[in-house]
Structure formats: structure tokens, C-alpha cells
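Below is one structure; the comments refer to it alone.
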Number of protein chains: 2
Amino acid sequence: MREDINITEVARKAGVSIATVSRVFNNNGPVKESTRKKIEQVIKETGYRPNILARELAEKKTHLIGVITHSILGEGLPNSIKGITHVIEEKGYNLLIGNTDGQIEKEQKHFEIFQSKRVEGVLFMTRHFTQEHRDVIEALPFPVVVLLQPTEDEKISYVAFDEYRFAQEATRYLLDKGHEDFVFIGGPETSANSLRREQGFKNALTSAGYSLDKERIIHEDYSIEAGYEATKRLVKEGVPFTAMIIANDGMAIGAINALQDSGYSIPRDVSIIGLDDTALAKASRPSLTAIHYSYQDLGKEGANLLLDKIESGNVDFSYKVLPYELKKRGSTEERY
Amino acid sequence: MREDINITEVARKAGVSIATVSRVFNNNGPVKESTRKKIEQVIKETGYRPNILARELAEKKTHLIGVITHSILGEGLPNSIKGITHVIEEKGYNLLIGNTDGQIEKEQKHFEIFQSKRVEGVLFMTRHFTQEHRDVIEALPFPVVVLLQPTEDEKISYVAFDEYRFAQEATRYLLDKGHEDFVFIGGPETSANSLRREQGFKNALTSAGYSLDKERIIHEDYSIEAGYEATKRLVKEGVPFTAMIIANDGMAIGAINALQDSGYSIPRDVSIIGLDDTALAKASRPSLTAIHYSYQDLGKEGANLLLDKIESGNVDFSYKVLPYELKKRGSTEERY
DNA sequence: TAACGGAAGGAGAACGTTTTCATAGGGAGT
DNA sequence: ACTCCCTATGAAAACGTTCTCCTTCCGTTA
């Protein structure tokens, strides 16, 4: 480990002024070849790297993008981050991550930290987008793009999936196969994402003329275990059903295992669709029919939208809804 | 979106000097109650946040920790990051992430960027730790802790798992159950981690008096599909085996599926251990016997070690080897 | 030979903080 | 009334850059 060295030191060693060193490093302004060589020599010897803090202070640009997220676990965020970094690193931006672990207080805290750090924009993920969020974001001196939550007004820009529609489509797929007795397992009731899926599911059923008991809508915490236990409970209570729509594929795997452990055969006795398609879906036996969408694209599109706003200075409302696809696999078949 | 505001502006509005504003914000030095109130009022009205760049430049402290990683996918990194942020946010540090996607050139680039950004320390993950890494790291003006790779000298500090030992232990576990015909599926040959596991495996066999054909050591890319295909190939070639040690649980799931699709029963015909225990392992049927270790602890311990060095200024060599546990599940049994 | 112009490079302001030092005011002790 | 000290505040340097002006030097042109 050696010491930091600054531009003054380099200038002194090379016998020039700091202005000339700056010119060499940034390759702007005229410098005689011989002095350039001498300065480059000193830079190499000393391992000098300009202090970006000072540069950014002078330039009033930090090239920093913040991400605020409620959860860094699961496949979603890592893939989003991959998409984000892919886009921003190309343009010389860096990524700062703020994890809220789902606590609302921490969101505010991270916005403040990011404001202090002079990030140039933020990608924001939360479980539930509220009026309060809107107010906070509008008072911020940098643009914000919300990921995963349609903000439902024409103010805060967002990139999201059409969860209502794909839940509807998944349900219709099984309706078309002759199923009539459905169960829906969603995420926590505080999750706006899960709620939209639930509503898409309900709409598909009611518009096909079916009514729906309350007992057939279950809320769990997205874990494999919760999916397992909830399904075991259904079986034990003797609720009759031949189709399940499950908000994520973890709980869907839990459901498959629970049914198999109870002597049922998938898909002969029960068809199951997961509204989420991670590595688990393909690995399970039977493999899971699932709605596929790309978190990497989510990150990519979110970052593109944000950089647009940053670089153009135009923060007008804009949004993007990303595509999805129903992957038909082994967990669904005709109802006999 | 409103404009940034600075300390001078706040001071002007409150009719005081910037020194007094600074004193109020940092709560150091004496300030009369009435002026404090007035300044706080202005701060609230304007939404003033100090420019941390300027502060850090003045203080020569950035409170920034960098993470350089070769892969942001999978369960490992997110869990590590969770562990890291847990530790560092408590002490007021922030996290900067550099993703190399496994490209060596990018490692150097990220070290340079981080040096420019004046991070105070870096947690470094790479597939293979070399002499060149050593040289680069020793020339850096901040401490570095390597994660997952024992650096095998007394110079660069690290936190890692004892992969040699747990691979050995997993193998012995099956030897003790009477198995004699083993197959090992490892990661890519460039992965030092996989190599250590392979050596632990080999050592267990040879020290039990067994020899080992080359054909029974296979290198794949850690994916479920690769595990599946490799196992199908073994079956097709008629290689006789009753035990598999597999470097990660994704490939192990692939192997289970391949064997089941070929008419074998697990664990009756073949016992399988995964040297890695993610959500997949518990979800599979049969569930996978696996070596469990915590990436979250890896991040936590790495961050602790690094912060120690940063705050004490003592960068002497130190290391930590984290515990693991063999989780006995459904994919292993006695050999008949 | 005088005037001009372009290349090379230096001096110094600016960026927004923290911090050190200086100073004014006022109450207490003599 | 004089000194002393403590509280409250301001002025200005320092952090390490970028960038805008200047100045100097030298070759070209009339």
C-alpha cells in the first residue's frame, strides 16, 4: 500500500504547472510532445490517479446512479443490476446501492443520502407506491424512475411488467383447458405487485362467468415453504380444486411438492402455473408452466430511461411496459 | 425537481456565516439557540443537503467501500452484499459495485476507477487469484480483502470457505456408506474454487485406497442444463457409478433429473451430494444432500475485516475461514 | 523591422465543504 | 474600573481538481 498522490505533486516532479498536468490527463489543450512524455512518465512512476471527488466538485457532475431496492435477494435484483450496469458503465456512470429491506423509513434515508452524494438519478423499487412517494420524489433535485410499480398518474416515470394482464392470461389459459376450480396463492397483502396479479386472476374468472370464494385466495410470503404449507392446508381442508395460479415460482414449487407428497399427480390431478420464471421453474419435476419476463431488460430499460432524462434534462413523464411470455411446460394439462 | 442549494445560500438566507451553518449541521461548536432555530428553519424550507463531495474532499474521507465481483448472478453475491451492507451501513459507509463478468481486464479497470473514487477499501472476488493480482493489490493506496480465494501467502488478507475439506468430507460420507464408484462434476477448469473441491474429492478417494479414472472427473459450467447433459452422457456411455459429488447444486439438480429421466431412482440407485446449498437443494425431489455455508456471513466477515483495517490503519495479513455443514437430505443413502 | 498570430503553458478563480484562528461582547472576580 | 475568560460568530485557508484568462515565445508576413 502506498500513499495517495495529487496533481500538485505530479506537477512538481515534472517541473510544470498543474494546469499542464490536467491538460495531459484529459487530453485537451495543446501540450508539447516532450513535456507530455515527461508528465506521462511521472504519472506512471507515481501511479497517480486524479481524485474524482475534486474533479466532480469542479465539474458538478458525479456520474453516479443510485438504486434503492426493498430486497437484494432472489433472482430479480441481481438480474436487474446486471442490466443496469451494462447500460450505465458504458456511459461512464457508477452504481450506488441502497437496500431498504422493505422498511419505509429507510427509503427516505437513502433518498437523503443519495441527494447528499449528488447522484444524478435514482432507480427506485418499492413494494407499494404511494402518494407520499410521489411527494418525496417531486421534491428531489434529480430524476427518478420507478421500477416494477406503474405509478398510475402522468407524473413519475416508470418501467414495469403488465402483471394484471399476464395473470389474466395465465388464468384464461387454464380456463380454456376446461378448469373450473381455481386457487390463487399470492404474496403478502402489502405487495402491490401481488395485488395486481390477484386482480388479473379474478377478472379472468368473473368475466368467464365464474364466482370465487374468498377461501381460494391465499396470501403467503413467497417462500417455498409457505407454498408447501398453504397447499397442504388446502388438501387437508378438502377444498376441491384442479388449477392453481401462484404469484411466484418458489411457492409454486412448494405447491407441487405438497401435492405430490399428498399422493396427487401433477398435472393429471392439478394444473399449476407460476407467475414468475426463475431457474427453479425449469428444474422442478414436472417442470413448471410459468410466465416469463426479463429482469435484466427491466434494469436495462430503466437505466436507459433514466440516462435519457439525465442527459437531456427533460424529466417529463414517460413509461415503458415490458413484454412477457407464457412458457408452457409440464405442470399444466387439459381438465378431464 | 428543484435546484440544488448550497451552504452559502443557506447562510445568506439565515443572515449568518457558512461556518455557523456548518456548526449547526454537524452539531459541533457553540451556537446560540435562537440562531440555531433560524438556521434549522432555513434548512427545512430549502431542503438543503450538504454536498458530500465537498465534505469528503475537505475531510479526506469518502466512506466508500468497493466490491469487485466476477458475477452478480446466482445466490452467492446477493447474499454477500446483504451481509456487507448490513455491516458497513451501520458505520456510515456506502457500497460501490464493480462487475467484471469474469473478464480480467475489467478487474484492473475497476481497481483504477475505485482508486480514482478514493474508496477506502475493496472486497475483491475473482475466479482465480494470481501473482499479478498480488502485485496490483500491493500497489493500491487502500486495503483489499479477497473473498472466496485463499491467497496462500501471508500478504493479502482473505475470507473463504475450506472447499478442499468439505469436498473431502462429502466424499468420505459416501465412502462410509459403502460407495465405491464415484463421479465428480466440477465447474470450469479455470475456476480455482472448483479445483480445490476436486482435489478434496480426489484425496478422500485415494487415501481410502481407491484409484480414479480420468473419465470420472467432468468439468461443466455450473448450469442446471450442463449437469443434466453431462449425466445423460455418462449413462449413455455405460459408466458404472453409484455416487456423485457435484460442485454446485444447480448441476446436481440437473443430474438428479437426468438420472430420473433415464429410469434410475435416487437415492436407491445413485447417491448425490451437492457442494453448495441454495433454495434449489431443498426444493428438489428427492431433496439434495448438500454442503451448506453462508454467503451472508462471508460478506459480513469480509466487511468486518476490511473495516478493521481501514479504521485501525493496520493492514497486516489476516484471514478467516468460515464454517460449513453437511445437510443430510434425501439424495443419499447406503450402498447395497 | 515591425506587426501579427498561434502554440505552449502558467496563475488563479471556482466548486462546497470543514476547520482553525481571530475577535467582539459580556459577565465575574478583584 | 480592569483584567480574565467564556460564548458566539466570522474570515479565510485547505481539500484537489477544471477551466478561463493571461503571458511568453517564436515564426511568418508585409
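Chain A is the first sequence line, chain B the second, and so forth, proteins listed ahead of strands; every chain is numbered from 1.
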*Taking only the side-chain nitrogens and oxygens of A:Ser22, find out if one of them lies under 4.0 Å from OP1 or OP2 of D:dT18.*
yes
Tell me the interatomic distance from [X], atom [atom1], to [N], atom [atom2], rounded to whole angstroms.
X	N	atom1	atom2	value
A:Arg49	D:dT17	CZ	C1'	16 Å
A:His63	D:dT18	NE2	P	11 Å
A:Asn28	C:dG9	CG	C1'	13 Å
A:Asn26	D:dT20	CG	C1'	15 Å

_Angle between the end axes of the helix from C:dT1-D:dA30 to C:dT30-D:dA1, five pairs per end, to the nearest 10 degrees?_
60°
*asked:* At under 4.0 Å between heavy atoms, how does the protein contact nucleotides 6-16 of chain D? Give one character per nucleotide, 5' to 3', with B, S or -.
replied: --BBBB---BB
*Do B:Tyr158 and B:Phe129 have ring centroids that are under 6.0 Å from one another?*
no
*Under 6.0 Å between ring centres, would you say that holds for A:Phe114 and A:Phe142?*
no
*With sequence neighbours excluded, tell me which residues meet ring pair (Phe, Tyr, Trp, His ring centres under 6.0 Å) with A:His63.*
A:Tyr93
_Main chain of A:Thr8, side chain of A:Asn6: is a donor-acceptor contact present, judged purely on distance under 3.5 Å?_
yes
*asked:* Check whether A:Gln149 reaches the backbone of A:Arg127 with its side chain - one donor and one acceptor, N or O, closer than 3.5 Å.
replied: yes
*Looking only at non-hydrogen atoms, find the nearest pair between B:Asn99 and A:Thr85 and report the distance.*
ND2-OG1, 4.3 Å
_Taking every non-hydrogen atom, the tightest pair across B:Leu148 and B:Ala160_ = C-CB, 3.8 Å
*Which is it for B:Thr46 and B:Lys13 under the side chain to side chain donor-acceptor pair (under 3.5 Å) test, yes or no, and what are the steps along the way?*
CA-CA 10 Å; B:Thr46 54; B:Lys13 280 202 213 284; over 6 Å; no
